[in-house]
Amino acid sequence: MTRFACLASGSGTILASIIKYQIPLKVVIADKPCPALMIAADAGIPTTIISRNHYGYRAGIGEAWDRAGFTKIVAQTLLDFKIDVAAMAGFFTILDPIIFELFTGFVLNIHPALLPNFKGEHAVRDALAAGVKETGSTVHIATELLDDERFIVDQVRVPVEEGDTVETLWERIKVEERQFYPRVLQKIQTSQINLRTIQEGS
Ligand code: GRF
């Protein structure tokens, strides 16, 4: 049985849908107090806050904080809970590459664009600015590269509509993501998706 963790920082609506689909989450990790933690706690899932501020993080500080130290504790938590797959769902901290040495399970990310298009934190805004007719969401295996498109697990397409704002378009994407991400995790659980095969590129 695959042991899942979820990493979240924000409103946790995707996390809530993962819980609704009964994906067996062993722990939810947040990088600050946030609604996602309440959602997990209400569902009886163990939670932990690993605060970036304890590692010297302040807004606008750039790289002058201990990202590796923060990441080591994330990795240790995943190991403590014997996690196989850590699913990031709106986790706002970029993990240090040391995670891939310390934690040998898979880290998944969901990105609100059709990778390789529109990488980075402004994916929805950038898609809108580019005038594309269609965008979407990608679940991929995280690597040391930001929004790495080499190991795409699955994608869902979402139309851009006339008069869309970042808010309306992102919400339409999230409506899809709330079914799409849990279904991907279900397929991993039932071996319909094999992450190792995707990672090996075959
Ligand atoms: C999602 O759009 C996901 O693609 C992105 O962060 C958002 C999380 O939404 N990585 P929420 O906090 O679960 O509502």
Side-chain angles (χ1 to χ4, degrees), residues 4-23 25 27-43 45 47-52 71 74 85-96 99 106-130 132 134-161 164-188 193:
F4 292 94
C6 189
L7 279 61
S9 306
S11 58
T13 66
I14 311 271
L15 166 67
S17 69
I18 290 171
I19 293 170
K20 197 172 120 202
Y21 274 73
Q22 301 186 334
I23 304 301
L25 294 177
V27 63
V28 170
I29 300 173
D31 52 7
K32 60 182 174 204
C34 59
L37 278 178
M38 304 300 141
I39 291 169
D42 283 351
I45 299 165
T47 61
T48 181
I49 299 181
I50 304 170
S51 172
R52 296 188 290 192
T71 302
V74 173
V85 176
M88 295 198 281
F91 192 62
F92 298 156
T93 306
I94 297 170
L95 296 170
D96 187 275
I99 189 84
F106 291 95
V107 181
L108 298 182
N109 185 37
I110 183 161
H111 180 73
L114 295 173
L115 290 177
N117 299 328
F118 310 118
K119 296 182 180 187
E121 63 176 315
H122 299 297
V124 180
R125 186 190 75 186
D126 293 348
L128 211 49
V132 293
E134 186 179 65
T135 181
S137 179
T138 303
V139 173
H140 64 109
I141 300 173
T143 72
E144 67 286 358
L145 303 177
L146 183 67
D147 298 329
D148 191 351
E149 77 276 23
R150 287 174 301 163
F151 309 114
I152 289 174
V153 180
D154 205 356
Q155 292 185 308
V156 64
R157 295 176 177 279
V158 175
V160 179
E161 288 176 5
D164 258 338
T165 61
V166 172
E167 288 72 31
T168 59
L169 178 55
W170 201 344
E171 185 50 32
R172 192 172 319 108
I173 292 171
K174 284 199 199 183
V175 166
E176 288 299 325
E177 288 180 320
R178 289 179 199 124
Q179 301 180 26
F180 167 60
Y181 205 10
R183 284 185 180 149
V184 166
L185 299 180
Q186 273 178 342
K187 285 183 188 167
I188 292 168
I193 289 177

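Both ligands and their constituent atoms are indexed starting at 1 by order of listing. Heavy atoms only: backbone and side chains are in, while hydrogens, waters and symmetry mates are out. The first residue in the sequence is number 1, and the count goes up from there.
His111 contributes no side-chain N or O that, together with a main-chain N or O of Asp148, makes up a donor-acceptor pair within less than 3.5 Å. The closest donor-acceptor contact from the side chain of Thr48 to the backbone of Ile29 lies at 3.5 Å or more, if one exists at all. At least one donor-acceptor pair under 3.5 Å links the side chain of Asp147 to the backbone N or O of Gly120.
Closest to atom 4 (O) of ligand 1 among all protein heavy atoms lies Glu177 OE2, 2.6 Å. The protein heavy-atom contact nearest to atom 14 (O) of ligand 1 is Thr13 OG1, 2.5 Å. With hydrogens left out, the protein atom closest to atom 12 (O) of ligand 1 is Ser11 OG, 3.0 Å, a heavy atom.
When side chains are defined from C-beta on, Glu177 counts as touching Pro112, because their heavy atoms get closer than 4.5 Å.
Of all the atoms in ligand 1, the ones that sit under 4.0 Å from a non-hydrogen atom of Gly12 are 11 (P), 12 (O), 13 (O). Residue Ile14 has at least one heavy-atom neighbour below 4.0 Å for each of these atoms of ligand 1: 8 (C), 9 (O), 11 (P), 13 (O). Residue-ligand proximity, Gly90 to ligand 1, at heavy-atom distances under 4.0 Å covers atoms 6 (O), 8 (C), 10 (N).
Summarising the contacts of atom 5 (C) of ligand 1 with Leu15, Ile110, Ile39, Asn109, the nearest heavy atom is found in Ile110.
Residues passing the side chain to side chain donor-acceptor pair (under 3.5 Å) test with Arg52 are Thr93, sequence neighbours excluded. With sequence neighbours excluded, no residue satisfies side chain to side chain donor-acceptor pair (under 3.5 Å) with Glu121.
Rounding to the nearest 0.5 Å gives a distance of 5.0 Å between OG1 of Thr135 and CG of Leu114.
Residue-level proximity to ligand 1 for Trp170 is carried by the side chain, the only part with a heavy atom below 4.0 angstrom. With a heavy-atom cut-off of 4.0 Å, Lys174 touches ligand 1 through its side chain alone.
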